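These notes concern the structure reproduced below.
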Amino acid sequence: MMRILICGASGFIGQALCERLALGGYDVLRGVRRCSRITDVQIDFSHPLAPEMWAERLRGIDVVVNAVGIITENTSSRFADVHYRSPAALFAGCVLAGVKRVVQISALGAEQGTTPYFRSKYAADQCVMKLPIEWCILCPSLVYGQNGTSAAMFRMSASLPLMLVPDLGDARFQPIHVDDLVDAIVASITQVTARGKCIDVVGASRISYREMLDSYRRQMGFPEAWHATILAPVMAIAARFAGMIPGAVLNTDNWKMLQAGNTGDIGGYTRLVGHVPRGIDDFIAPQCAEVARSRALVLWRIPLLRYVMAFVWIASAYVSACVYPLQASLELLAPLGLSGAPAQVALFGASVLDLIMGVACVAYPQKGVWLIQAGLVIAYSLLIAVFEPAFLAHPFGPVLKNLPILALLLILYTEES
């Protein structure tokens, strides 16, 4: 039985590959940061190991697949370590341990790319090519899958009533379904003809960014949307500022990669796997459309509710403490038996509490927060109903409008994090 180590087995591509290989009867070892199974091998590409240390872990392994990758850097994970130094040491360890073949999951466009992401990927590709070992390098385009992070972002964008499309000029893309990518990886593991090949792994559809989103929208069952184009200079500025936020997907380098497009030759994939990859209109199976639709809506609806609630609480705190006439506010508290200093303490205390609730909507979106806020809304409403009953018949309905607020809080409480 062929023994295969999948580095990055807990990732989107790695999980799909492990499931497929296990169904095929292969002996699969999962290379992960945190081991939870007896078949797990502890790896951390953020901290490169010496080839000799890798060799100890690779004894008895027939094939190693490197599916580790990051799209943005952070303080603990750098492109140079994750994409180049650790894979280079891994590949050298494979030679020492007698591993028969290495499959490197690179990136489409790495050879011509100028960003740190592309340069680090290409450096690892060059490294494995020079070693005395069988190798195959697969260069996938954008990878679509039900559980993919980037695919979820695209589906969310496609589900918006007003679809925001960046101005990418003539840039075109050839997204590949994760199942087709896994087919290519399995073929590169098992087929002799894959040895020493660098293969573009692209889908059958060559489309624009807008066409990609339109396709996802149709497959999820949404009606046609309005479109708004975000000009390239505006996107460039947004990318520059977003890049200052740790972990942000949009940054200057990723914006450059989007502008460059992502297409390749479908022939290499077809010769390797023996069939043409699916087109983008077949990515979302009919039985998965409802799940994809629900997930897409949740990704923007729940944050929208959270930030609207934050605005309501913070704006209420500001208006109460700084805008509405102080004397008028104190007069509203008189029916509660509060006057003078106690009334001022109650007024500004309530404003501070509202401010805390607004910040909590963003910083601590937990079930307990929604319960506390619902309790406050109910308490405020009861106090007004008992001590200021005239507001119940107010033509603007200030108390009645607390009902939709409570409904929003109920939705937030029942949603999973």
Side-chain angles (χ1 to χ4, degrees), residues 11-13 15-16 69-72 140-168 171-179 181 203 205 207-231 234-235 238-239 241-243 245-251 253-255 257-259 261-262 279-311 361-362 365 408 411-412 414-417:
F12 166 50
I13 296 172
Q15 287 185 36
I70 56 175
I71 193 61
T72 58
S141 178
L142 300 172
V143 181
Y144 177 87
Q146 188 80 338
N147 299 318
T149 302
S150 62
M153 181 187 69
F154 293 138
R155 289 196 303 266
M156 180 198 71
S157 300
S159 70
L160 293 170
L162 177 62
M163 199 182 302
L164 303 176
V165 181
D167 181 9
L168 297 175
R172 292 294 182 269
F173 303 88
Q174 283 181 261
I176 183 81
H177 195 282
V178 66
D179 291 343
L181 172 57
S205 304
I207 54 176
S208 68
Y209 189 93
R210 173 173 170 170
E211 290 169 337
M212 178 174 66
L213 296 186
D214 283 340
S215 177
Y216 291 153
R217 186 175 180 86
R218 287 193 303 271
Q219 292 177 73
M220 289 187 290
F222 288 105
E224 188 173 348
W226 294 91
H227 297 81
T229 300
I230 306 176
L231 299 178
V234 176
M235 281 296 301
F241 281 100
I245 304 173
V249 176
L250 178 63
N251 55 45
D253 287 340
N254 290 347
W255 169 237
M257 289 192 286
L258 272 178
Q259 288 179 299
N262 202 241
I280 191 171
D281 289 337
D282 297 320
F283 277 8
I284 302 177
Q287 64 270 23
C288 299
E290 186 59 34
V291 172
R293 177 190 178 98
S294 299
R295 288 184 181 181
L297 291 173
V298 165
L299 282 177
W300 65 266
R301 282 181 174 176
I302 297 305
L304 175 64
L305 296 185
R306 283 174 48 206
Y307 283 99
V308 165
M309 288 302 307
F311 176 79
C361 289
V362 179
L408 295 184
I411 293 172
L412 288 169
T414 55
E415 282 294 333
E416 295 296 331
S417 61

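What you see is a predicted model, and the numbers here were worked out from it, not measured in a lab.
The CG atom of L412 lies 8.0 Å from the CD atom of E415; values are rounded to the nearest 0.5 Å. If you take CD1 on I207 and CD1 on I280, they are separated by 3.5 Å, rounding to the nearest 0.5 Å. Annotation: the span from F222 atom CZ to R217 atom CZ amounts to 6.0 Å, rounded to 0.5 Å. To the nearest 0.5 Å, the span separating CG on N254 from CD on Q259 amounts to 11.5 Å.
For the pair R293 (side chain) and S159 (backbone), a donor-acceptor distance under 3.5 Å is absent. One N or O on the side chain of Q219 and one on the backbone of F283 form a donor-acceptor pair closer than 3.5 Å. Checking side-chain atoms of S294 against main-chain N and O of E290 turns up a donor-acceptor pair under 3.5 Å.
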Check: Is there a side-chain contact (heavy atoms from CB on, under 4.5 Å) between S208 and R172 once you walk through the steps?
Finding: CA-CA 5 Å; S208 68; R172 292 294 182 269; 3.5 Å; yes
Margin query: Quick one, L142 with M212, criterion side-chain contact (heavy atoms from CB on, under 4.5 Å). Give me CA distance, side-chain angles, the key distance, then yes/no.
Written below: CA-CA 11 Å; L142 300 172; M212 178 174 66; 4.3 Å; yes
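Taking the salt bridge (charged side-chain N to carboxylate O under 4.0 Å, His left out) definition, one finds that D167 meets it with nothing, sequence neighbours left out. Scored by the salt bridge (charged side-chain N to carboxylate O under 4.0 Å, His left out) test, R295 finds no partners at all (sequence neighbours excluded). The side-chain hydrogen bond (donor to acceptor under 3.5 Å, both in side chains) test applied to R210 returns H227, not counting sequence neighbours. By the ring pair (Phe, Tyr, Trp, His ring centres under 6.0 Å) test, F173 pairs with no residue at all, sequence neighbours left out. Every residue two or more places apart in sequence or in another chain that forms a side-chain contact (heavy atoms from CB on, under 4.5 Å) with A292 is listed here: Q146, R155, M220, I284.
The minimum heavy-atom distance linking A151 with Y144 is given by the pair CB-CD1, 3.5 Å. Taking each heavy atom of M163 and S157 in turn, the nearest pair found is CG-O, 3.6 Å.
Each ring-ring contact (aromatic ring centres under 6.0 Å, His included) pair with one or both residues in residues 145-165, not counting sequence neighbours, appears once here: F154-Y209.
Two residues are said to be in side-chain contact when any heavy atoms from C-beta on lie closer than 4.5 Å; D253 and T72 fail this criterion.
Counting non-hydrogen atoms of neighbouring residues, nucleotides and ligands closer than 6.0 angstrom, the CD atom of E224 reaches no more than 12 such neighbours.
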